Number of protein chains: 2
Amino acid sequence: MTGRSSTSLRADARRNIDALLQAALAVFSDQGIDAPMRTIANRAGVGVGTLYRHFPQRSDLIKAIIRREVEALVEAANDLVEQHEPGAALATWLSLVVDLVATKRGLGPALHSGDAAYQSLPDYVFGALIHPLHMLLASAAAANIIRSDVDAGDLLNAVLRVATPASEGDVAQAKRMVALLVNGLYHRPNAALPS
Amino acid sequence: MTGRSSTSLRADARRNIDALLQAALAVFSDQGIDAPMRTIANRAGVGVGTLYRHFPQRSDLIKAIIRREVEALVEAANDLVEQHEPGAALATWLSLVVDLVATKRGLGPALHSGDAAYQSLPDYVFGALIHPLHMLLASAAAANIIRSDVDAGDLLNAVLRVATPASEGDVAQAKRMVALLVNGLYHRPNAALPS
DNA sequence: CAACAAACGGAATCGTGTTCCACTTTATAT
DNA sequence: ATATAAAGTGGAACACGATTCCGTTTGTTG
């Protein structure tokens with residue numbers, strides 16, 4: 001894949017990868033996630049060829065940037081169930097998810113663009129976060145705090161979508177909406193939508 | 001603006017506008033909302049210049065296509081409050097909103113792309129739908145069926161986002177998630193998300 | 001049926017993504 | 001040290017779609 005800090009990588013290659021990631025982070029948050037590849041390569045003091053060698057797809061670059069944070073989120077789930085009651089653990093963790101998506105400018109749209117170029121991104125994020133969420137949901141359901149008929153995939157999807165702030169950086173709105181979703185998790189004779 | 005069927009428009013111009021709209025509808029649902037402009041112009045038997053003359057931005061084309069349906073949605077709200085109890089009216093109307101967004105392939109992503117080229121689209125859809133929703137919410141809140149502290153803008157935003165189906169045409173998931181949102185509207189000592 | 005304005009078409013321009021390969025740098029063996 | 005192979009680099013070249021521009025055509029009006 002990419003960004004491997006482990007095996008057999010020439011010194012200059014590793015240096016360039018670092019420079020590219022740093023440049024990409026800066027350019028993305030400056031110009032948005034669709035910034036020209038050339039711009040990133042230039043900023044890193046590297047040719048486009050080098051950029052494409054290490055990150056064949058734009059989503060690989062984004063993925064490399066957020067991987068650390070997604071992994072942190074996965075671990076956070078374990079800490080939360082141990083240290084809080086199930087309902088609070090779930091709510092808190094979802095709040096962290098919102099922070100991640102809402103904070104990285106353009107990440108939200110990229111996750112749901114439907115564009116083939118980004119396909120591996122949602123797959124990665126979704127795949128990484130679905131297990132912790134499933135665990136948190138099961139835990140809360142087992143404690144009879146919430147309904148047990150909510151699919152983790154559905155919920156994760158909804159949260160990831162809702163988390164994308166409407167106007168630049170309106171994280172508060174995103175949180176209110178996720179709170180509404182969470183509120184909907186509680187027991188109630190649920191009226192399904194008419195079709 | 002565009003698509004004016006009213007004043008002082010040469011006969012060939014009106015004919016071409018019709019042809020373009022029909023072609024765009026076909027091409028969009030066939031190739032997605034990012035289909036090349038040339039393709040649409042060709043299909044309409046018209047030069048690209050003509051396409052750009054009538055629809056300077058891609059979003060103008062999309063807007064013209066969905067305008068009819070959005071307007072229908074606005075009217076439907078009035079019928080629903082008259083013919084159903086407030087809770088059902090709200091739920092049913094939201095279901096119609098989901099149908100609109102989920103059905104038009106690519107409309108969802110376009111609404112939330114954050115791309116400046118599409119900015120006028122969300123503005124238009126949001127602006128048109130916010131009033132009916134506000135009315136429906138107020139009506140249900142007045143009947144003490146739901147909480148009265150939910151902002152219509154928040155909810156509309158959330159519904160529009162959630163309505164975008166994850167996988168091609170998975171309207172069912174979208175409806176389940178909107179149902180969860182609706183469920184969250186009911187009275188309850190609501191626990192806000194931690195920040 | 002002029003004469004004029006409106007509308008048309010498509011070649012030309014521009015910006016960006018992506019590929020390709022001759023050249024350079026690094027690692028390794030002797 | 002030095003030679004050699006392998007890995008990595010840079011950027012010109014190409015592909016493709018958006019958008020503009022303007023000479024030509026068509027509809028309208030009196």
Side-chain angles (χ1 to χ4, degrees), chain A residues 1-24 27-28 30-62 64 106 110 113 115-121, chain B residues 1-24 27-28 30-62 64 106 110 113 115-121:
Chain A
M1 201 114 302
T2 35
R4 290 254 125 287
S5 53
S6 48
T7 43
S8 59
L9 200 52
R10 251 171 54 174
D12 55 347
R14 197 161 312 169
R15 205 175 17 224
N16 283 335
I17 287 173
D18 285 351
L20 280 168
L21 286 175
Q22 194 175 328
V27 172
F28 281 155
D30 191 43
Q31 308 198 22
I33 213 135
D34 292 320
M37 295 296 240
R38 273 175 178 67
T39 305
I40 297 169
N42 288 345
R43 174 135 187 175
V46 144
V48 272
T50 301
L51 171 49
Y52 274 91
R53 156 171 278 261
H54 294 303
F55 305 98
Q57 306 202 256
R58 183 181 294 268
S59 61
D60 292 327
L61 202 43
I62 305 171
S113 69
D115 190 328
Y118 289 133
Q119 190 51 52
S120 78
L121 235 203
Chain B
M1 201 113 305
T2 38
R4 289 256 125 283
S5 53
S6 49
T7 45
S8 60
L9 201 50
R10 249 172 55 174
D12 56 346
R14 198 162 311 167
R15 201 171 338 121
N16 283 336
I17 287 174
D18 285 349
L20 279 168
L21 286 175
Q22 193 175 328
V27 172
F28 281 156
D30 191 43
Q31 308 197 20
I33 211 134
D34 292 321
M37 295 297 238
R38 275 206 239 300
T39 305
I40 297 169
N42 289 345
R43 174 137 187 173
V46 142
V48 273
T50 301
L51 171 50
Y52 274 91
R53 156 171 279 261
H54 294 303
F55 305 97
Q57 305 203 259
R58 181 182 295 267
S59 62
D60 293 326
L61 203 42
I62 305 171
S113 69
D115 189 328
Y118 290 133
Q119 190 51 54
S120 77
L121 235 202

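A note on names: the letters A, B, ... follow the listed sequences, proteins ahead of strands, and every chain is numbered from 1. Basis for what follows: all heavy atoms, side chains included, without hydrogens, waters or symmetry-related copies. Just so we're clear, the structure is a prediction, and the values are computed from it rather than from any experiment.
Put simply, CD1 on I17(A) is 8 Å from P on dT9(D), counting in whole angstrom units. Between the CG atom of D18(A) and the P atom of dT9(D) there is a distance of 12 Å, given to the nearest Å. The CD-P distance, from Q31(A) to dG15(C), rounds to 14 Å in whole Å. One interatomic measurement links the two molecules: CZ of R53(A) to P of dG17(C), which rounds to 20 Å at whole-angstrom precision. Whole-Å rounding puts the R14(B) CZ to dT28(D) P distance at 9 Å. Look at CG on L20(B): it is 9 Å from P on dG9(C), rounded to the nearest Å. Rounding to whole angstrom units, CD1 of residue I40(B) and C1' of dT19(D) are separated by 14 Å. When rounded to the nearest whole Å, the span between CE of M37(B) and C1' of dA12(C) equals 18 Å.
For dT9(D), one of the phosphate oxygens OP1 or OP2 lies less than 4.0 angstrom from a side-chain nitrogen or oxygen of H54(A). Neither OP1 nor OP2 of dG8(D) sits under 4.0 Å from any side-chain N or O of T50(A). Contact check, N16(B) against dA7(C): no side-chain N or O comes under 4.0 Å of OP1 or OP2.
Checking dA11(C), dG10(D), dT9(D) against every side-chain atom of V46(A), the shortest atom distance belongs to dG10(D). Relative to the side chain of A13(A), the nucleotides dT18(C), dA11(C), dT9(D) differ in distance, and dT9(D) lies closest. Out of dA18(D), dT9(D), dG17(C), the shortest distance to the side chain of P36(A) is found at dG17(C). The side chain of V48(B) sits closest to dG10(C) out of dG17(C), dT19(C), dG10(C).
With hydrogens and angles disregarded, no donor-acceptor distance shorter than 3.5 Å links the side chain of D18(B) to the backbone of R15(B). Listed for the D60(B) side chain is a donor-acceptor partner under 3.5 Å among the backbone atoms of Q57(B). The closest donor-acceptor contact from the side chain of R58(A) to the backbone of I33(A) lies under 3.5 Å.
Atom OG of S113(B) is separated from atom CG of D115(A) by 11.5 Å, given to the nearest 0.5 angstrom. The structure places OH of Y52(A) at 12.0 Å from CG of L20(A), a figure rounded to the nearest 0.5 Å. Atom CG of N16(A) and atom OG1 of T50(A) lie 6.0 Å apart (nearest 0.5 Å).
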Between N or O atoms, less than 3.5 Å apart, protein on one side and nucleotides 25-27 of chain C on the other: list the pairs.
residue	atom	partner	partner atom	Å
dT25(C)	O2	R10(A)	NH1	2.9
dT25(C)	O2	R10(A)	NH2	3.2

Please tabulate the protein-to-nucleotide N/O contacts below 3.5 Å involving nucleotides 28-30 of chain C, giving atom names and distances.
none

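In this structure, S59(B) and Q119(B) have side chains that are not in contact, with every pair of non-hydrogen atoms separated by 4.5 Å or more. Residues L9(A) and I17(A) form a side-chain contact, since some pair of their non-hydrogen atoms from C-beta on lies under 4.5 Å apart. Side-chain contact between L51(B) and L61(B) is present, with at least one heavy-atom pair separated by less than 4.5 Å.
Base contact: R38(B) has a heavy atom under 4.0 Å from a base atom.
Summary of the strand contacts: D34(A) and G45(B) both lie near DNA chain C, and taking for each the nucleotide with the nearest heavy atom, the more 5' one is attributed to G45(B).
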**OP:** Apply side chain to side chain contact (heavy atoms under 4.5 Å, CB included) to V46(A) and I40(A), showing your working.
**Re:** CA-CA 9 Å; V46(A) 144; I40(A) 297 169; over 6 Å; no
